[in-house]
Amino acid sequence: MLDIRPNCEHCNKDLPNTSTEAMICSFECTYCKACALDIFENVCPSCSGNFVERPIRPQKEIDTNPSSITRIFKPKDLEKTKINSDRFKNIPPEKR
Ligand SMILES: [Zn+2]
Ligand SMILES: [Zn+2]
């Protein structure tokens, strides 16, 4: 089950369960669309995998399976992430 983390790990923007801007990698590193796509160019700074839109858990399910309230806020070193993104962004995710 996904944690559904409450914020962008890089810019700390709130990303509640109902947000349509939340992007996750396969490890559920969680970023807003601006960070995931514009800054990191669809290369996760931690695992180099791609991002997909986080699904929204329906209200009746969130009552029994609530989203995480643990904020992870670890801004990335943009020089390092740029090197990593340049290395992987043109390689399709299934070949990374
Ligand atoms: Zn962000
Ligand atoms: Zn990742």
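What you find for Ser46 and Glu9 is that their closest heavy atoms are OG-OE2, 4.5 Å. Nearest heavy-atom pair across Ile69 and Pro6 is C-CG, 4.0 Å.
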Show me the donor-acceptor pairs within less than 3.5 Å that the side chains of residues 18-27 make with the rest of the protein, sequence neighbours left out.
from: Ser19; atom 1: OG; to: Glu21; atom 2: N; distance (Å): 3.0
from: Glu21; atom 1: OE1; to: Lys13; atom 2: NZ; distance (Å): 3.3
from: Glu21; atom 1: OE2; to: Lys13; atom 2: NZ; distance (Å): 3.3

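Side-chain contact between Ser67 and Arg57 is absent, with no heavy-atom pair separated by less than 4.5 Å. Counting heavy atoms from C-beta outward, Val43 and Arg96 have side chains that approach closer than 4.5 Å. Within the 4.5 Å cutoff, side-chain heavy atoms of Cys32 are placed close to those of Leu15.
By the 4.0 Å N-to-carboxylate-O rule, Glu53 lies close enough to Lys33 to be salt-bridged with it.
Residues passing the ring pair (Phe, Tyr, Trp, His ring centres under 6.0 Å) test with Phe51 are Tyr31, sequence neighbours excluded.
Without hydrogens or angle criteria, Asn42 side chain to Lys89 main chain gives no donor-acceptor distance under 3.5 Å. For Arg71 (side chain) and Asn7 (main-chain N/O), no donor-acceptor pair under 3.5 Å exists by modelled atom type. The main-chain N or O of Leu78 is found under 3.5 Å from a side-chain atom of Thr81 such that the two form a donor-acceptor pair.
Tested against Ile56, the residues Asn17, Ile4, Ile62 include a single side-chain contact (heavy atoms from CB on, under 4.5 Å) partner, Asn17.
The line from CD of Glu41 to NZ of Lys82 is 5.5 Å long, rounded to the nearest 0.5 Å. Distance check: Cys11 SG to Phe73 CZ gives 7.5 Å after rounding to the nearest 0.5 Å.
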